[in-house]
Amino acid sequence: MKYQIPNIVDFDKFVFRIGELSRMTGVSSRQLRYWEQRDYISAITRDDQNKARVYDFYTFLQVSIIKKLLDEGYRLPAAVEKMSSIEKELSLSRKFFHAAFNGVEVVDGQVFLNLGYFDKAKTQILYGQYENGQASYEVRPANDD
DNA sequence: TTTCTAACA
DNA sequence: TGTTAGTA
């Protein structure tokens, strides 16, 4: 009764040119080129030197984070450094949730996230629920079909 | 139309 | 960083 999130979203296929990335993030194309020159960000490897830059989804995230930090008052070098640590935290979070998430189950009309076994003996399962912006948890026996 | 580099403001 | 020039 559980399912996996369909792996139909391939983020590697989300690619943007400089004008698009600029409009998406509010960072000027001039800034994007400058940041690349300073090695703060990088575009997908270009064959020719004079061809249009192509940015991937992860660069979009990086630029978005840097932009937010700049708006908060960080100066560019500091913003880049902090973005780097935020990026690592995000990566860890993604890996954690990917490993923890075991599908969705509906009980009595309520939707629960199966977050895997709660104990090493595998007799209990941790369920998470999201409601009104709040996360809550329940531990229930594993064989509660 | 968009992007590129280079250069000046 | 913004802008502009002259291209591809």
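Per chain, numbering begins at 1; letters A, B, ... match sequence-line order.
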Whole-Å gap separating [atom2] ([N]) and [atom1] ([X]):
| X | N | atom1 | atom2 | value |
| --- | --- | --- | --- | --- |
| A/Asp71 | C/dT1 | CG | P | 11 Å |
| A/Lys51 | B/dT3 | NZ | P | 14 Å |
| A/Leu32 | C/dT3 | CG | P | 15 Å |
| A/Arg38 | C/dT1 | CZ | P | 10 Å |
| A/Gln37 | B/dC4 | CD | P | 13 Å |
| A/Arg33 | C/dT3 | CZ | P | 13 Å |
| A/Tyr55 | B/dC4 | OH | C1' | 11 Å |
| A/Tyr40 | C/dT1 | OH | P | 10 Å |

Next item on the list: Verify the contact: side-chain N or O of A/Ser28 to OP1 or OP2 of C/dG2, cut-off strictly under 4.0 Å; return yes or no.
Entry: yes

Item checked: Audit row: A/Arg38, A/Tyr34, side-chain hydrogen bond (donor to acceptor under 3.5 Å, both in side chains) steps and yes/no -> CA-CA 6 Å; A/Arg38 301 303 301 270; A/Tyr34 176 69; 2.8 Å; yes

Item checked: Atom CD of A/Glu81: over 12 foreign heavy atoms under 6.0 Å -> no

Check: Taking everything shown except A/Tyr58 itself, do over 12 heavy atoms lie less than 6.0 Å from its OH?
Finding: yes

Checklist line | Given DNA chain B, 5'-ward residue of the pair A/Arg53 and A/Arg30, judged by closest heavy atom | finding: A/Arg53

Checklist line | Nucleic acid contacts - residues 13-27 of chain A versus DNA chain B, non-hydrogen atoms under 4.0 Å | finding: A/Arg17, A/Ile18, A/Gly19

Next item on the list: Kindly give the heavy-atom pair with the smallest separation between A/Glu36 and A/Ala43, and that separation in Å.
Entry: OE1-CB, 3.9 Å

Item checked: Closest non-hydrogen atom pair between A/Tyr55 and A/Ser42, with its separation -> CD2-O, 4.1 Å

Note to self: Output the pairing pattern of DNA chain C as a dot-bracket string, 5' first, Watson-Crick or G-U wobble with both distances under 3.5 Å, | for cross-strand pairs, [ ] for crossing pairs.
What the structure shows: ||||||.|

Next item on the list: For the residue pair A/Glu105 and A/Tyr127, confirm or rule out a side-chain donor-acceptor distance under 3.5 Å.
Entry: yes

Item checked: A/Glu87 versus A/Ser84, side-chain donor and acceptor atoms under 3.5 Å -> no

Item checked: From A/Val27, A/Leu76, A/Thr25, residue fulfilling side chain to side chain contact (heavy atoms under 4.5 Å, CB included) relative to A/Ile66 -> A/Leu76

Check: Does the cation-pi check pass for A/Arg53 over A/Phe16, that is, NZ or CZ under 6.0 Å from the six-membered ring centre and within 45° of its axis?
Finding: no

